[in-house]
Number of protein chains: 2
Amino acid sequence: MPVDPPLRADAQRNRARILDAAEAVFSELGAGASTEEVARRAGVAIGTVFRHFPTKDDLLAAIMKRLLARLAASAGRLGGPDGLFEFFTGMVAEAAGIRAVVDLLARGGTDIRLPDAVGPLTAAVGELLGQAQEAGTVSDGVRLPEVMALLVSVSQGALYGGWDAELRTRTLAVVFAGLKQRS
Amino acid sequence: MPVDPPLRADAQRNRARILDAAEAVFSELGAGASTEEVARRAGVAIGTVFRHFPTKDDLLAAIMKRLLARLAASAGRLGGPDGLFEFFTGMVAEAAGIRAVVDLLARGGTDIRLPDAVGPLTAAVGELLGQAQEAGTVSDGVRLPEVMALLVSVSQGALYGGWDAELRTRTLAVVFAGLKQRS
DNA sequence: GGCTAAGCTGAGTCGGCACTCAACTTCAAC
DNA sequence: GTTGAAGTTGAGTGCCGACTCAGCTTAGCC
């Protein structure tokens, strides 16, 4: 298969700027933010954005991939009996800062091929789950799908519900108790 | 304060049709569906929709109120030690059928004054929570806000995540265990 | 330095949607 | 039945956002 030629230096620079701007814009304003706004924030013309990412979905898919990879990496850095709880807490607390991820993870978004991008995150969380179960802090009856489901649901709830710190703590306390005790 | 005069018979009929159509359309397509589509489904001209509901948000607010009242009523019909769990399970299972509610409950939506409309639902769930705690099926440490938060989050997760019956069951098992055992 | 393909620009096109309004229709009070 | 106010109609308006493209600029190879 043909490999596309390397980008010119200026094009590489612009591509990076666009991705950074898109991440900021979509995280703040959600996936509904306009491409125009991304271009403005990146300091390029709108045509340039579309040269690098032919459709808005392509752009969303690209930043999702980056964001998910980053989340997976931070999950990978944790471990031990409470690693899963720590990751869970962190993701929920920062839900607002990663609005785009939560947004798109939740709804099939704008029809992005997520599975591949989500894979690493799922794998990292699976690792944390395994460790927690080995340590006995999470019941053996719990499996990965429901952990991911809860992770996404609660993050999304926190984001859109604008939960304060106390509500986050209390809600997570219920979820964590459930993970420990599930019959 | 002035009371608006009673509607003419045909206007009443149209108003009801519009509400029914809006409920169907927004439940199927989400809050993003067009007013045009609502008018088509109701069998009236678009101008008629806007005569009854000056803005799209007014229309959304109206059906939200109906839907929430209906949910509150169904919660009111339940009771006993497992009433809360039953209501929870039912709402999550039907999340897809009430897409509009979940949609708008979650995000402040299109800026609708929800508090008033949500009140009755919260009260009904509070009643179920009280009964469950009296019966000992839910820990006394649990309070209403986190129950509502979980209810909304998990419903939304199920809706957008397209959870199958098994995932719903497994996820709810974790939540219910948490409600029982919360330290 | 000269050249050219790669890349950039931004005004413009297109489609979709919330909302308007002048002309027309219908209910209901008498 | 007549009448007028209430209600309906649907083509039209305005706005916004995704996407295009002809003309211009520039990186980078000789």
Side-chain angles (χ1 to χ4, degrees), chain A residues 2-22 24-26 28-64 100 103-104 107 109-112, chain B residues 2-26 28-64 100 103-104 107-112:
Chain A
V3 179
D4 21 33
L7 289 175
R8 239 166 60 175
D10 55 344
Q12 268 178 40
R13 201 174 38 241
N14 280 337
R15 192 174 213 286
R17 276 190 190 180
I18 291 168
L19 278 172
D20 289 344
V25 169
F26 290 134
E28 267 171 50
L29 275 32
S34 76
T35 313
E36 184 74 47
E37 177 63 28
V38 172
R40 188 166 24 247
R41 194 102 54 119
V44 302
I46 189 158
T48 303
V49 176
F50 281 100
R51 161 163 256 266
H52 287 279
F53 305 94
T55 71
K56 190 183 173 183
D57 277 1
D58 291 331
L59 179 54
L60 282 168
I63 67 160
M64 278 298 285
D103 234 34
L104 296 179
R107 55 181 74 201
T110 27
D111 187 38
I112 290 170
Chain B
V3 180
D4 22 33
L7 288 176
R8 241 166 58 176
D10 54 344
Q12 269 178 37
R13 195 168 352 106
N14 279 336
R15 191 173 214 286
R17 276 190 191 179
I18 290 167
L19 278 171
D20 289 344
E23 192 175 314
V25 169
F26 291 133
E28 268 171 47
L29 275 30
S34 76
T35 312
E36 184 73 46
E37 177 62 31
V38 172
R40 187 165 26 247
R41 194 103 52 122
V44 302
I46 188 155
T48 303
V49 176
F50 281 101
R51 161 163 256 266
H52 287 279
F53 305 94
T55 71
K56 190 183 173 183
D57 276 1
D58 291 330
L59 180 54
L60 283 169
I63 68 161
M64 278 298 284
D103 233 34
L104 295 178
R107 56 180 75 199
T110 29
D111 187 38
I112 291 170

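Not measured: the values here are computed from a predicted model. A note on names: the letters A, B, ... follow the listed sequences, proteins ahead of strands, and every chain is numbered from 1.
- Of the candidates C/dT9, C/dC19, C/dC8, the closest approach to any side-chain atom of A/R51 belongs to C/dC8.
- Counting only heavy atoms from C-beta on, A/I46 has its side chain closest to D/dT20 among D/dT20, C/dG7, D/dT8.
- If you run side chain to side chain contact (heavy atoms under 4.5 Å, CB included) between B/V38 and each of B/L19, B/V25, B/V44, only B/V25 comes through.
- Put simply, the side chain of A/D58 gets close to the backbone of A/T55: a donor and an acceptor are under 3.5 Å apart.
- The two residues A/L59 and A/A22 come nearest to each other via the heavy atoms CD1-CB, 3.8 Å.
- Within 4.0 Å of B/T48, counting heavy atoms only, lies at least one base atom of the nucleic acid.
- Between the side chain of B/K56 and the backbone N or O of B/S34 there is no donor-acceptor pair closer than 3.5 Å.
- In this entry the distance linking CG of B/L59 with C1' of C/dC17 reads 14 Å, nearest Å.
- Within the structure, a side-chain polar atom (N or O) of A/N14 is placed less than 4.0 Å from OP1 or OP2 of C/dC8.
- For A/F50, whose side chain is taken as the heavy atoms from C-beta onward, the closest listed nucleotide among C/dG10, D/dT8, D/dT20 is D/dT20.
- Regarding B/K56, its NZ atom lies at a distance of 15 Å from the P atom of C/dG16, rounded to whole Å.
- Between C/dC27, C/dC19, D/dC19, one nucleotide has an atom nearer to the side chain of B/A9 than all others, and that is C/dC27.
- When rounded to the nearest whole Å, the span between CD1 of B/I18 and C1' of D/dG7 equals 11 Å.
- Counting non-hydrogen atoms under 4.0 angstrom, B/A39 reaches nothing in the nucleic acid.
- In this structure, A/E36 places its CD atom 13 Å from C1' of C/dG12, rounding to the nearest Å.
- Following rounding to the nearest Å, B/E37 (CD) and C/dG16 (C1') show an atom-to-atom distance of 13 Å.
- Rounded to an integer number of Å, the gap from A/R40 CZ to D/dA18 C1' is 15 Å.
- The pair B/E36-B/R41 does not meet the salt-bridge criterion, since no charged nitrogen lies less than 4.0 angstrom from a carboxylate oxygen.
- Rounded to whole angstrom, the span from the CZ atom of B/R15 across to the P atom of D/dA6 amounts to 17 Å.
- Remark: P of D/dG7 and CZ of B/R13 are 13 Å apart, rounded to the nearest angstrom.
- Residue B/T35 places no side-chain N or O under 4.0 Å from the OP1 or OP2 atom of C/dC17.
- Across D/dG10, C/dG7, D/dT20, the shortest atom-to-atom separation from the side chain of A/L7 is found for C/dG7.
- Residues B/G47 and B/R8 both approach DNA chain D. Their nearest nucleotides, taken by heavy-atom distance, put B/R8 toward the 5′ side.
- Considering only side-chain N and O atoms, A/H52 lies nowhere under 4.0 angstrom from the phosphate OP1 or OP2 of C/dG7.
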